[in-house]
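For reference, the structure discussed in these notes is given below.
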Amino acid sequence: MSRDHVQSAERSAPAAQAPGRAHPEARPAPGGAEAPFLELLARGAPAEAYEQPVLLARAEGRPAGHIAELEQAKLLALRVRAELEGRRRREAELSALFETAHDLAGLRDLDAVLQAIVQRARSLLGTDVAYLSLNDPARGDTYMRVTEGSVAARFQQLRLGMGEGLGGLVAQTARPYVTDDYFRDERFQHTDTIDTGVRDEGLVAILGVPLMLGHHVIGVLFAADRRARVFEREQIALLGSFAALAAAAIDTANLLAETRSALAGLERANEIIQDRSAVIERASDVHDRLAELVLRGGGVHDVAAAVSQVLDGTVEFTEATAAPPHALEPAQAEGHAVRHRDDWIAAVTAGDELLGALVLRGQPELDPVDQRTFERAAMVTSLLLLARRSAAEAEQRVRGELLDDLLDARDRDPRLLRERAARLRADLDLTHVVLAARLEGGTADADQEADTRRRLWAAASHLAATRQGLAAARDGGTVLLLPVTPGDTATDLARRTARQLGTAVHEPVTVGASAPVEQLTARPDTVAEAYAEACRCLDALRLLGRGGDGSAAEDFGFLGLLLAGERDISGFVDRTVGPVVAYDERRGTELLRTLDAYFACGMSPARTKDELHVHVNTVAQRLERVGRLLGEDWQSPARTLEIQLALRLYRLSGITGPSART
């Protein structure tokens, strides 16, 4: 924390407070170092207040260990506070969008709706000023319609010619533009009138997005600050969503104006009124139903079902790859539903990103209002998908942070680790396997490779979430921590994970697995050692030309002893000659001694019988029994090497018997 923050925290404490006398609200409460910070979190204290318990402990001369615990608890509390703030901000953004959509459904006053859109855009983006301009086709320019936060009268009355200033450029090109310093940006055509108005308002950073009806620009929505600022992609997308709602409000208002004009000019006014009223009422009904679905947490399929009832057809959401491309491309470009044979296709987009499509079947003819209703259903669908993606990405980040802490041994409080895992529906007390995953198909295109790695991380995070595990990006690949189900082995889990991730990213993915590990929070290096073992298995698979496969140390025979983090000698002996050891112990035979002599005599039965002082038929019978116990290929070169190594390890390690084996 900076010196200014410390000084600010010190100034916030009572001036007359003497060392050793704690302020009642700052004194650490019983129950551990985290207690004062939990109290701060509960009452929503500002970030500066989290330094007070540490400063107070130092002033009181508390032990260094206690102060270190306070520092660690403070950092964790600040991270929790930041996460809560981020979630509250995302909820506020979605709530404002949904409220605006609801306002649009019950549109009565266009100015009121546009003012609400500008106010919410300014509030959510945290800018000093927000404003909206509309194009004037008669004069060929664009003019201010609504402002929020503006203090300069000249600025509020500006008119921008097409191509002039940032707004004129947006209106002319139908593309968003952003500048962190307007007066130093040479991309725009600066004029004295515009620059004077912007200077009067004191604006520096400006973001403008077009208001589109189809492929026509009808105006521009702006967010601006009186200081240099970089607008993030999410903020640009959010302002674009508000612009889409503003355009829809203007479109609906224009439709209402056209209806009222038609009522005055047509002889069949009564019929037109009834027809239009029914259509608009139906549109308003579907808007209300969609807003209700959004507010009560409905999903994409709920939206499709609601629109199906209103339009008297069948509406389905489909992935972009499953929609007809020659209909989907113009639907995305124009922002309108496109007829395809007897169906209608509406693109579900977020900015320039295509998220999917809505398909309406059973209604080959749609009147304009029903078509717009169908298009607005696609807009609401995109909002729901963005909200779901935002929540999923937040959970992925939290899962990754927990796994990073386990790998780096930063947070060794077992109780806190278990609580964090429980919030993610993971149980660290179960037996887990650590898996290291890497892409095999390299590419010379750095951007394409980075995109493939992001898709690998997203697929791994989804797999971890469905399996109650954890996933994180690490060392150019992905690491997963997954629980082992009864009857499953580390090898089974590695191979299954390699197949699932490879299918998800459409590239070969190699997965190395550790041996199953327990009590993940008992030792600081438990997960790190298991990850190192998984990486060694991954490297071994690549060296052996088995890219795109999955495996664990147990698959490599005696090489597994070198790959395993803890040398499982008894396990290797058990797997290799355990049946022979068990047979000798049950029957009192000497098969193990016969095997030793057989290999010592160069695998010659004649020399073996002299070494053991038995008949050659006895040697043959014993070796036949060994073959039944170990398998017919026990004398192959690879198997004999492992068997001889297991026999030597059995003698050297003093193992008294195999693990439970029948």
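We use all heavy atoms of the structure for the numbers below, so side chains are in, but hydrogens, waters and symmetry mates are not.
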Results of salt bridge (Lys or Arg N to Asp or Glu O under 4.0 Å) for R607 - residues two or more places apart only: none

Test log, rule side chain to side chain contact (heavy atoms under 4.5 Å, CB included), inputs V577 and I643: CA-CA 7 Å; V577 297; I643 293 171; 3.9 Å; yes

With R628 via salt bridge (Lys or Arg N to Asp or Glu O under 4.0 Å) - residues at least two apart: E624

Euclidean distance, L70 CG relative to H66 NE2, rounded to 0.5 Å: 4.0 Å

Nearest non-hydrogen partners of D492 and G487, listed with the distance: OD2-O, 4.5 Å

Straight-line distance of L481 CG to R467 CZ, nearest 0.5 Å: 11.0 Å

Residues forming a salt bridge (Lys or Arg N to Asp or Glu O under 4.0 Å) with D584, sequence neighbours excluded: none

Candidate pair L430 and H432, rule side chain to side chain contact (heavy atoms under 4.5 Å, CB included), full reasoning: CA-CA 6 Å; L430 297 177; H432 286 73; 3.8 Å; yes

From CA spacing to verdict: side chain to side chain contact (heavy atoms under 4.5 Å, CB included), V614, T594: CA-CA 10 Å; V614 297; T594 303; over 6 Å; no

Interatomic distance, L482 atom CG to L470 atom CG [nearest 0.5 angstrom]: 8.5 Å

Min side-chain heavy-atom separation R622-V626 under 4.5 Å: no

Test side-chain contact (heavy atoms from CB on, under 4.5 Å) applied to E316 - qualifying residues, sequence neighbours left out: T314, R361

Partners passing side-chain contact (heavy atoms from CB on, under 4.5 Å) against E632 (at least two apart in sequence or in another chain): none

Closest contact, heavy atoms only, A49 versus A45: CB-CB, 4.0 Å

Side chain to side chain contact (heavy atoms under 4.5 Å, CB included), paired with L435, selected from V479, L493, L538, L501: L493

Residue pair C535 / A436: nearest heavy atoms and the distance that separates them: SG-CB, 4.0 Å

Pairing residues for D429 by the side chain to side chain donor-acceptor pair (under 3.5 Å) criterion, not counting sequence neighbours: R418

Audit row: L76, E34, side chain to side chain contact (heavy atoms under 4.5 Å, CB included) steps and yes/no: CA-CA 9 Å; L76 182 59; E34 69 278 3; over 6 Å; no

Donor-acceptor under 3.5 Å (R438 side chain, G476 main chain): no

Contact list for residues 493-506, test side chain to side chain donor-acceptor pair (under 3.5 Å), sequence neighbours left out: D488-R496

Flag, side chain of Q468 to backbone of D427, donor-acceptor distance under 3.5 Å: no

Rounded distance (nearest 0.5 Å) linking atom CD of E51 with atom CG of L78: 8.5 Å

Set of side chain to side chain donor-acceptor pair (under 3.5 Å) partners for T431, sequence neighbours left out: E518

Minimal non-hydrogen separation, A471 against W457, with atom names: O-NE1, 4.5 Å

Spacing of CG belonging to L630 relative to CD belonging to Q635, to within rounding of 0.5 Å: 10.0 Å

side-chain contact (heavy atoms from CB on, under 4.5 Å) against A498, all qualifying residues, sequence neighbours excluded: V511

Euclidean distance, D475 CG relative to Y531 OH, rounded to 0.5 Å: 3.5 Å

Residues that Q621 engages under side chain to side chain donor-acceptor pair (under 3.5 Å), provided they are two or more places apart: none

Exercise: identify the closest heavy-atom pair between A57 and I67: CB-CG1, 4.1 Å

side-chain contact (heavy atoms from CB on, under 4.5 Å) against T608, all qualifying residues, sequence neighbours excluded: A597, Y598, C601, L612, V619

Exam field: side chain T478 to backbone A473, donor-acceptor pair closer than 3.5 Å: no

Qualifying residues under salt bridge (Lys or Arg N to Asp or Glu O under 4.0 Å), relative to D633, sequence neighbours excluded: R639

Under-4.0 Å salt bridge between R58 and E71: yes

Any donor-acceptor N/O pair, Q235 side chain to E232 backbone, under 3.5 Å: yes

Closest approach of S514 to A490 (non-hydrogen atoms, all atoms of both residues): O-CB, 3.4 Å

